[in-house]
Protein chains: 2
Amino acid sequence: MKKSVTIYDISKKLNISAATVSRALNNHPKISQKTKELVLSAAKELNYIQNTLAQSLKSGKTNRVGIIVPYINSSFFSSVIRGIEEELTPHGYHVIICQSHEDVNLEKKQLSTLLNAQVDGIFMSVSKTTEDTKHIENAKSKTPIIFFDRKKDIAGISTVVIDDYKAGYLATEHLIEQGCRKVCHLLGDLRLEIYQNRYNGYLDALKDNGILLNKDYVIPIESSVEDGIEATKKLWKLASPPDAIFSASDYAALGVCQELRNNNIRIPQDVTVIGFSNEPFTQYMELPISSVDQTPDIMGKISAQVFLEYINENFSGISIEKKVVLNPQLYIRESSKRK
Amino acid sequence: MKKSVTIYDISKKLNISAATVSRALNNHPKISQKTKELVLSAAKELNYIQNTLAQSLKSGKTNRVGIIVPYINSSFFSSVIRGIEEELTPHGYHVIICQSHEDVNLEKKQLSTLLNAQVDGIFMSVSKTTEDTKHIENAKSKTPIIFFDRKKDIAGISTVVIDDYKAGYLATEHLIEQGCRKVCHLLGDLRLEIYQNRYNGYLDALKDNGILLNKDYVIPIESSVEDGIEATKKLWKLASPPDAIFSASDYAALGVCQELRNNNIRIPQDVTVIGFSNEPFTQYMELPISSVDQTPDIMGKISAQVFLEYINENFSGISIEKKVVLNPQLYIRESSKRK
DNA sequence: TTGTATGCGTTATCAG
DNA sequence: CTGATAACGCATACAA
């Protein structure tokens with residue numbers, strides 16, 4: 001290891017005490033201007049860097065937060081992370097990223113490593129396989145935790161999500177407004193609340209518009225192009241294929257569009273399509289695909305704000321639990337625009 | 001602050017010394033099995049978590065690395081980060097992410113904060129505005145630095161990049177092989193080596209095929225759809241518009257395709273197009289766009305390996321400098337496939 | 001096999 | 001305004 005320069009080295013060079021050096025470095029009011037300048041220039045000369053490790057050990061604050069997401073390289077999650085980072089950096093916080101790979105065991109491990117690292121807070125979106133939440137409930141007594149997007153209902157944990165129910169409702173309603181009655185839904189993994197909520201929104205929108213649910217029109221999918229293609233094949237084997245598709249995933253929606261095109265079924269004239277997440281590609285297609293935007297940047301920024309509030313209020317001994325619900329944004333594009 | 005449980009609490013509870021607790025926790029060979037079990041169960045009972053801060057302060061190793069990228073939410077960078085994370089996590093390392101926003105001043109700040117955090121190494125892709133590299137040369141004496149993709153030539157700093165020259169050469173050659181002679185290039189920001197190299201590859205491919213450079217065919221762009229559209233408009237005002245376009249950016253390539261389609265110019269019959277980066281959307285288009293893949297996952301993993309090697313070799317006092325150059329992968333799709 | 005003492009680099013407290 | 005000292009939580013050299 002390279003031996004690092006400490007305040008002690010500076011104090012020796014200047015023949016003053018380490019305490020004074022520390023104070024000068026921290027711009028303490030009761031240190032003479034002259035000493036401050038002396039210390040600062042000596043620090044520069046010796047190429048001194050502060051050891052935040054020692055600082056943190058002393059203060060009990062690391063100015064670091066952890067984020068646990070299933071995967072970092074998805075448009076949605078990386079945008080949320082960016083939002084958190086940009087909101088927190090000006091406050092002197094650093095961000096540690098972990099991936100759970102949708103595996104609850106890895107999630108547990110990451111969580112405990114973050115606790116070991118003494119992070120001042122943890123942002124997380126649970127994995128698909130997270131059913132038992134003991135590890136999270138346990139962690140929450142150690143450090144504030146904030147769920148974003150994929151949450152679990154745990155007392156004392158703040159959450160920042162979008163209104164997936166409303167999103168599902170609006171998307172479905174929009175398709176109905178285009179004159180469609182045979183609206184089907186490509187259903188996401190029900191182990192996650194978000195997909196259940198989108199589904200519920202779909203169901204209620206049908207009901208409110210006097211449309212009976214056709215169970216053949218609900219097809220479970222993974223978020224992939226292939227599953228969209230498969231689902232479409234299944235649907236067009238039915239006696240009465242649909243005239244509208246609300247997919248809980250943009251990738252599946254893309255698969256739908258590809259398969260329909262291959263079969264010379266016209267979008268939106270024969271079938272309207274809307275996806276979910278507003279992935280970049282949806283707007284770039286020759287036939288742009290409608291989608292629901294989850295405003296990940298805002299979600300990240302608000303999550304960060306909730307954390308900062310928590311930190312402040314906690315100093316005055318108050319413990320809070322915030323539930324922020326953001327509004328989904330419909331982006332209506334060619335794939336569902338008949339009028 | 002919640003007062004945290006320490007080895008001292010365990011030692012008091014068990015009436016043994018803190019040193020013994022520490023050793024038991026670390027599975028020291030000379031501690032009796034009985035004591036170990038006692039300590040472990042007491043630790044569980046008290047909900048003890050190790051303070052890695054103190055550990056790091058003592059050992060001089062934090063098991064943390066930093067990554068500085070212009071933006072985290074781009075397909076390329078988030079994939080590299082994912083690669084690094086996945087390679088390093090099994091070795092017990094954590095990853096701290098910073099964004100420079102293409103701003104050298106922010107980059108400097110991030111760099112120094114990472115140094116303060118005593119990271120064991122730093123991975124970085126320099127910002128566009130990074131000309132003076134004193135801050136990096138300075139940092140390299142404190143901790144190992146590894147450049148990926150966007151590098152600067154600094155002695156003693158290992159780099160992992162793709163062969164952008166070759167990529168530019170191959171892409172251009174491919175267009176020529178399709179029968180095109182009027183090949184133009186949408187040129188990226190020359191402050192970055194990568195774009196200079198792609199350009200050089202383009203130039204040499206022209207030369208080697210006996211094509212004279214037409215300076216009107218080289219148009220500087222930012223990586224955006226709009227710039228691709230603008231460039232196309234300019235090109236088609238020329239007396240002799242091109243019959244092939246090699247864009248240093250997929251987004252600009254997309255703009256090109258959109259603008260050409262709006263003007264009923266056929267791809268690839270009238271014009272062939274190839275982009276760069278293999279952004280997800282390129283393969284999803286109705287007319288899929290050819291592109292050059294930078295294998296970001298591999299780049300991340302190799303960067304991590306270079307770091308790990310460095311850590312190991314450095315223990316034996318050897319200092320190394322590795323220059324890894326990866327092969328670009330051409331993905332030839334409809335937009336440039338004539339044969 | 002276990003205990004004692006010390007130091008990692010910093011800051012806060014108490015003197016002066 | 002500045003100095004001496006203790007403490008943050010842990011690991012290790014040295015003793016026992």
Side-chain angles (χ1 to χ4, degrees), chain A residues 1-40 42-43 46-64 92 115-120 142-143, chain B residues 1-40 42-43 46-64 113 115-120 142-143:
Chain A
M1 286 308 316
K2 290 143 198 151
K3 187 96 185 321
S4 50
V5 181
T6 73
I7 51 171
Y8 197 69
D9 296 319
I10 299 180
S11 79
K12 270 192 293 191
K13 181 183 169 74
L14 260 38
N15 269 322
I16 56 178
S17 79
T20 303
V21 174
S22 169
R23 283 188 274 246
L25 252 21
N26 290 303
N27 206 19
H28 189 102
K30 297 191 175 175
I31 293 287
S32 74
Q33 200 54 40
K34 201 184 292 177
T35 313
K36 278 182 192 171
E37 283 164 14
L38 236 46
V39 169
L40 251 21
L46 292 176
N47 208 1
Y48 166 80
I49 55 172
Q50 215 166 11
N51 187 328
T52 48
L53 237 47
Q55 242 172 233
S56 300
L57 180 58
K58 190 100 186 65
S59 68
K61 244 185 127 271
T62 55
N63 281 299
R64 275 196 282 274
L115 291 178
N116 284 344
Q118 311 291 117
V119 291
D120 293 336
K142 305 279 186 182
T143 199
Chain B
M1 288 307 316
K2 291 143 198 151
K3 186 96 189 317
S4 52
V5 182
T6 74
I7 52 170
Y8 197 69
D9 296 317
I10 299 179
S11 79
K12 269 192 296 191
K13 181 182 167 75
L14 261 38
N15 270 321
I16 56 178
S17 77
T20 304
V21 174
S22 168
R23 284 188 271 247
L25 254 20
N26 291 305
N27 206 19
H28 189 103
K30 295 189 177 176
I31 293 288
S32 75
Q33 200 55 38
K34 202 184 293 177
T35 313
K36 278 183 193 170
E37 284 165 14
L38 237 44
V39 169
L40 252 21
L46 294 176
N47 208 2
Y48 166 79
I49 54 172
Q50 216 166 9
N51 188 329
T52 47
L53 237 47
Q55 240 173 241
S56 300
L57 181 57
K58 187 107 190 60
S59 68
K61 242 185 129 272
T62 56
N63 281 298
R64 274 197 283 274
T113 324
L115 291 178
N116 284 343
Q118 311 290 121
V119 291
D120 293 336
K142 305 280 187 179
T143 198

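Chain identifiers are assigned alphabetically (A, B, ...) following the order of the sequence lines, protein sequences preceding nucleic acid strands; residue numbering begins at 1 within each chain.
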**A:Thr20 vs D:dG3: side-chain N/O to OP1/OP2 distance below 4.0 Å** =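 The answer is yes; a side-chain N or O of A:Thr20 sits under 4.0 Å from OP1 or OP2.
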**N or O in side chain of B:Ser59 less than 4.0 angstrom from D:dC10 OP1/OP2** = no
Side chains of [X] and [Y] in contact at under 4.5 Å (non-hydrogen atoms):
X	Y	answer
A:Asn63	A:Thr52	no
A:Leu40	A:Leu25	yes
B:Val39	B:Leu14	yes
B:Lys13	B:Val21	no

**Asked** Toward the 5' end of DNA chain C, which comes first, B:Lys58 or B:Thr35, by nearest nucleotide?
**Response**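 It is B:Thr35, whose closest nucleotide lies nearer the 5' terminus.
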Applying a 4.0 Å non-hydrogen cut-off, can you work out what [X] is touching in the nucleic acid: base, sugar-phosphate, or nothing?
X	answer
A:Ser32	sugar-phosphate
A:Thr6	sugar-phosphate
A:Leu53	nothing

**Request:** Just compare D:dA4, D:dG9, C:dT11 and give me whichever is closest to any side-chain atom of A:Asn26.
**Result:** C:dT11
**Asked** In whole Å, what is the span from the OH atom of B:Tyr8 to the P atom of D:dC8?
**Response** 10 Å
**Item:** 5' priority, DNA chain D, between B:Arg23 and B:Leu57 [closest heavy atom]
**Value:** B:Leu57
